[in-house]
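Structure first, commentary second.
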2 protein chains.
Amino acid sequence: MDDNKDTAGTAEWVDGETKVEEAPHDHGDEIRLWLRLLTCTTLVESEIRRRLREEFDFTLPRFDLLAQLERAEDGMVLGEVSKRMMVSAGNLTALVERLVESGYVSRTVSPKDRRVQIIALTQAGRGAFRTMADRHGEWIGDMFKQLSARDGAALMKELGKLKGSIRTSLTSPQ
Amino acid sequence: MDDNKDTAGTAEWVDGETKVEEAPHDHGDEIRLWLRLLTCTTLVESEIRRRLREEFDFTLPRFDLLAQLERAEDGMVLGEVSKRMMVSAGNLTALVERLVESGYVSRTVSPKDRRVQIIALTQAGRGAFRTMADRHGEWIGDMFKQLSARDGAALMKELGKLKGSIRTSLTSPQ
DNA sequence: GGACAATAGTTGAAACTTCAAGGATTGGGG
DNA sequence: CCCCAATCCTTGAAGTTTCAACTATTGTCC
């Protein structure tokens, strides 16, 4: 409907056709694509944040952290969590601290290397996460409902190509 | 390559095929799609934040705000900016304050309604934004470089459908 | 005209986020 | 053994973000 709304999150400064022909390399198409991608992500993410808060009084970062731990039966080194979640280690300190306080996560110093912390889900954490994850799945399913299986598969594929392009750009200096 | 990395940002708790057949409505495909979407967005957004900081000592929220104002020649009511950026009004107060301090944005009380604030780009703000926006375009162009025009167009289209699906879900109660 | 609801922003508390600096620990030469 | 670089994590400062409560202003209904 209103592609004006694509401006949300970042901008719309090349959305009008005005500036498009001026510059030699304007990247207009790429930017429109980026803005649309951003809009979709923002819409979904905001809704998930809102519902997590509303139904479970929980935040998305905490949910994400539990999600990382769920598959690691024996816990996970903090640094590994940091990499997987793509957030800084400094960020995790406080996050883990709160989850330990609430009894969802345990924290142990590695006996082999006392710099290293191993964190793991407690039974309570596992149960709480399962409940929330089920609802989370329903929310996503609902928001993606109108997308046919074919469209979903196509989108998955195209996003795969985009991801490849981005990663290449990030690993090669310029 | 490594779809493990798709776990970044949110989770990978249904990425292994383990849990997929258990639940009646598992939404596994939708969640995988969502995680991939999130990964792409996070990768791009982090890189833009990093470069804005590095090259211009500027933050993404500020850049986004300037971008909103750029097309509004006569300025914009604060509430309108809030809607377009999809952020709360409380958020904008501090953001605008800093941009006013740095001389990039002007703030005027509307003569018709003294509750209303109109904010606009200054000349300095316009110039600074142009410089940054040009670089921003190059960064995006670089990250999307490997995506062919055909793939880009297809992605744009599929994302359009997804956006429609999300919006529908958000407007209808359940 | 005056009470009163609605609207526009601000403020304060809490949480998340990053970066830079610092502390603790480990591992490797000399 | 001791210094020293590297690694893992914490701390502190600054910024962004939201929500809820509040102020100021406007508009409406009696």
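Proteins come first, then strands; the chains are lettered A, B, ... in the order of their sequence lines, and each starts at number 1.
- Salt bridge status for A:E54 with A:R51: absent, with no side-chain N to carboxylate O gap under 4.0 Å.
- Qualifying side chain to side chain contact (heavy atoms under 4.5 Å, CB included) partners for A:R107, counting only residues two or more places apart in sequence or in other chains: A:V96, A:E97, A:V100, A:Q117, A:I119.
- Salt bridge B:R135/B:E55: present, at least one basic N to carboxylate O contact under 4.0 Å.
- For DNA chain D, the contact window with chain A, defined by any atom under 4.0 Å from a protein heavy atom, covers D:dA6 to D:dC19 in 5' to 3' order.
- Every residue was checked against the side chain to side chain contact (heavy atoms under 4.5 Å, CB included) condition with A:T108, not counting sequence neighbours, and none meets it.
- The distance from atom CZ of A:R115 to atom P of C:dG27 is 7 Å, rounded to the nearest whole Å.
- In this structure, the side chain of B:S165 does not engage the main chain of B:K161 through any donor-acceptor pair within 3.5 Å.
- Under a 4.0 Å N-O distance rule, the pair A:R53/A:D57 does not qualify as a salt bridge.
- Using modelled atom types and a 3.5 Å distance limit, the side chains of B:N91 and B:S88 yield no donor-acceptor pair.
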Listed pairs, N/O of protein and of nucleotides 2-4 of chain C, under 3.5 Å:
none

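- Residues satisfying the salt bridge (charged side-chain N to carboxylate O under 4.0 Å, His left out) criterion with B:E30, sequence neighbours excluded, are absent altogether.
- Formation of a donor-acceptor pair under 3.5 Å by the B:S110 side chain with backbone atoms of B:V116 is not found in this model.
- A 4.5 Å side-chain heavy-atom check between B:L92 and B:M85 finds at least one atom pair inside the cut-off.
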Per-nucleotide protein contact string for nucleotides 14-19 of chain C, where B marks a base within reach and S marks sugar-phosphate only (heavy atoms under 4.0 Å, - for neither): -SSSBS
